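Accompanying notes for the structure given below.
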2 protein chains.
Amino acid sequence: MNLDSETKAVELPDDHGTELRLWLRLLTCTTLIEGEVRSRLRERFDVTLPRFDLMAQLDKVQDGMTLSDLSKRMMVSNGNVTGLVERLVESGHLDRRTSETDRRVQFIRLTKLGRAEFRKMAGEHEKWIADIFGDLSPKDMRELMRLLAKAKGSAQRAAKARTP
Amino acid sequence: MNLDSETKAVELPDDHGTELRLWLRLLTCTTLIEGEVRSRLRERFDVTLPRFDLMAQLDKVQDGMTLSDLSKRMMVSNGNVTGLVERLVESGHLDRRTSETDRRVQFIRLTKLGRAEFRKMAGEHEKWIADIFGDLSPKDMRELMRLLAKAKGSAQRAAKARTP
DNA sequence: GCCAATTGCTTGAAGCCTAAAGAAATTGCA
DNA sequence: TGCAATTTCTTTAGGCTTCAAGCAATTGGC
């Protein structure tokens, strides 16, 4: 019996099962963690993940950011950010200021209250994440970082190839 | 100078920066790929990712599944599945049949049309995923699978500890 | 200066998603 | 049997998300 033809008979011409399983595992893993973080944010601080993420972006800068910057960094649509910011201004966490040189542009900043609350949440959040990844060794984490970077690069290459 | 105390001075008492960066990279990577898949499904087949996912679950079985099974497998809420199924029944892709032994239960199946369309989509989808992960070697993929499994286990452990 | 193209943001329609409350059916236990 | 607890599913209110269309302001080429 020819082992080679045997193998070919089992393997279909284009077998991409490995990639598919990898993608499903990646998705499951992220969904699981995201759900856990979402629950904890809700229970502990009564805040949603998108609001937390938006505040996290703003906490990194001192003098504010435009809506476009926010939507690029958060990888969500412009209209989405409009709504999120609106609700966070409403609740007193954010502050909008129209640019003086370009009246289309608005600079969004954390208010004093917003920054204080965010810092409090971020402290706990960081501990949750450390707990969630607690079973991974430093070496595991380094390796995972490296492979995810590679996967990200690969995905960006594929996305670019489709939309030149 | 004492190197040890030097190190301690730099490292904060609880530094969880690595875990946090890892989580952000995982999230970015998944969001990127998910967005790409979503776009392609929309452009090519005018279908949403949740609908595709739901049909993927149903394609795996012959004789249908209950709404509860679906919501567990998809890791989304019950009410969410109710709405998704409703729209897919509407469009002729799904078929509902009330259980004869328990009138609360409904078995959901793909229709002939639904299965045919799903198979067509799934074939292309698999190629997209293979392309998206194309830069990873088989060894990279094996290693990534292993580390993600470990991360998943760790997250499940953490989630369970919070909700006993 | 003029005006077409671009940029920054908002709006509207549609769909996705959750938590919580509730309706209907079944189960299990006294 | 009787009925309380549970299970399955739907509904509702609110928020998130996208895409496409639209408005207002700015820019750049002429």
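FYI, side chains are in, hydrogens and waters are out, and symmetry mates aren't considered; it's all heavy atoms of this structure. Lettering of chains follows the sequences in order, A, B, ..., and the numbering in each one begins at 1. Just so we're clear, the structure is a prediction, and the values are computed from it rather than from any experiment.
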* Structure fact -> Taking D/dT8, C/dT10, C/dT26 as options, the one with an atom nearest any side-chain atom of A/Gln106 is C/dT10
* Nearest-neighbour nucleotide for the B/Val105 side chain, D/dT8, C/dT18, D/dC19 considered -> D/dT8
* With DNA chain C as reference, determine whether B/Leu84 or A/Arg42 sits nearer its 5' end, using the nearest nucleotide of each. => B/Leu84
* Asked: Under 4.0 angstrom, heavy atoms only, what part of the nucleic acid is A/Thr98 near: base, sugar-phosphate, or nothing?
  -> nothing
* Are the aromatic ring centres of B/Phe45 and B/Phe52 under 6.0 angstrom apart? -> no
* Asked: Which residue lies toward the 5' end of DNA chain D, A/Gly83 or B/Thr66, if each is placed at its nearest nucleotide?
  -> B/Thr66
* Rounded to whole angstroms, how far apart are CD on B/Glu43 and C1' on D/dT18? -> 14 Å
* Kindly determine whether B/Asp95 and B/Val89 satisfy side chain to side chain contact (heavy atoms under 4.5 Å, CB included), including the steps that lead there. => CA-CA 6 Å; B/Asp95 171 91; B/Val89 167; over 6 Å; no
* Salt bridge or not for B/Glu124 and B/Arg40, using N-O below 4.0 Å? -> no
* Asked: What integer distance in Å separates B/Met74:CE from C/dC16:C1'?
  -> 11 Å
* Asked: Contact class for B/Asp102 vs. all strands (heavy atom < 4.0 Å): base, sugar-phosphate, or nothing?
  -> sugar-phosphate
* First of A/Ser39 and A/Ser68 reached from the 5' end of DNA chain C, by closest nucleotide -> A/Ser68
* Do side-chain atoms of B/Thr30 reach the backbone of B/Leu27 as a donor and acceptor pair under 3.5 angstrom? -> no
* Looking only at atom types and distance, does a side-chain atom of B/Asp140 sit under 3.5 Å from a main-chain N or O of B/Ser137, one as donor and one as acceptor? -> yes
* Looking at every strand, decide which applies to A/Asn78 at a 4.0 Å heavy-atom threshold: base, sugar-phosphate, or nothing. => base
* Choosing from C/dT6, C/dT10, D/dT10, which nucleotide comes nearest the side chain of A/Arg96? -> C/dT10
* Asked: Quick one: which of D/dC16, C/dC9, C/dC16 gets closest to the side chain of A/Thr48?
  -> D/dC16
* **Rounded distance in Å - CG (B/Leu67) to P (D/dT11)** => 12 Å
* To do: Go through C/dG15, D/dC16, C/dC9 for me and flag the one nearest to the A/Arg87 side chain.
  => D/dC16
* **B/Arg104 side chain, from C-beta outward: closest of D/dC16, D/dT7, D/dT26** => D/dT7
* May I ask you to say what A/Arg38 touches in the nucleic acid, namely base, sugar-phosphate or nothing, with a heavy-atom cut-off under 4.0 Å? => nothing
